[in-house]
Amino acid sequence: MASMNPNIRIFEDLNKLSAAAADLWIESARQALQERGRFLIALSGGGTPMNLYRLMAHEPYRSQVDWSRAHIFWGDERCVPPDDPESSYGQAKQTFLDQVAIPDENVHRVASDLEPAAAAEDYARILGRFAESGLAFPRFDLVLLGMGEDGHTASLFPGSPVDVSTPTLAVTAHYQNRPANRVTLTPIVFNAARRIMFLAAGAAKAETLVHVLKEGYNPSLYPAQRIRPVNGQVIWMIDQAAAGKLSQER
Ligand code: 6PG
């Protein structure tokens, strides 16, 4: 049953939001390791998760995850070299992956130096290596997602095709001054996840959150609404600034 009543948790500020997200990360990992002996997480790019990534690189959080049995993926990636400041992989590597004892072979970056279509095909093959439940890809234990001011999530942008049957997609999109060519997971992968945690902070997201969380289903205009896991939990972790218009719901 798709989660029709999203679980919305509002925090005073981004620091408190990030600490709660770190606790949920640890809980998700503990449960996955107990049930399946491995923890599969898909990270997000953008600025909002940076505080969370920094927390995971230090105590008391770092030692609460068995990194040797964790596998890191990305929900989307910009088609730039891995050492480019705009690389979501490079951002996570610098911020926490280099500080935790995770085997290199457990970090599954998008081959962002390939042509976008080839990188998307390559990533679909990597996902296939972790396939389960009769799918061509894994059921992620935790997916971190952000939300753009335009309602996009990962690299699913307004106006992009809604019903896509492939697990990955090469897209070209223009958002703020970020790299345009990207590879993204698609809703069939996200919606197979066991837990999805959206992180959204700042007043600039407040209006869009009303459209996404409180108004009709309009997935072409608000792609974040396409994230409706079939058998999984969606948790919106938002700060008071981003929640500013939710309480005055229309
Ligand atoms: C990316 C992300 C993207 C991001 C949103 C929100 O690679 O940029 O996948 O979907 O989560 O654009 O970005 P902020 O957290 O910077 O607002």
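Atoms within each ligand, like the ligands themselves, are counted from 1 in listed order. The chain is numbered in sequence order, starting from 1.
Under 3.5 Å, the side chains of Arg195 and Ser28 contain a donor-acceptor pair of N or O atoms. With hydrogens and angles left out, the side-chain atoms of Ser160 and Arg226 include a donor and acceptor closer than 3.5 Å.
Every atom of ligand 1 with a heavy atom of Tyr175 under 4.0 Å away is listed here by number and element: 12 (O). Of all atoms in ligand 1, listed by their number and element, those nearer than 4.0 Å to a heavy atom of Ser44 are 9 (O), 11 (O). Contact atoms of ligand 1 toward Gly146: 11 (O) (distance under 4.0 Å to a heavy atom of the residue). When each atom of ligand 1 is checked for a heavy atom of Met147 under 4.0 Å away, the hits are 6 (C).
The N/O atoms of Gly148, backbone and side chain alike, include none that comes under 3.5 Å of an N/O atom in ligand 1.
Applying the salt bridge (Lys or Arg N to Asp or Glu O under 4.0 Å) test to Glu27 and every residue at least two apart in sequence or in another chain returns Arg30.
In this structure, Arg78 has a heavy atom closer than 4.0 Å to ligand 1.
The nearest non-hydrogen atom to atom 13 (O) of ligand 1, considering only Arg182, Arg178, Glu77, Lys205, comes from Arg178.
Within the structure, side chain to side chain donor-acceptor pair (under 3.5 Å) contacts touching residues 17-26 (residues at least two apart or in different chains) do not occur.
Using a 4.0 Å cut-off between a side-chain N of Lys or Arg and a carboxylate O of Asp or Glu, Glu35 and Arg139 do not qualify as a salt bridge.
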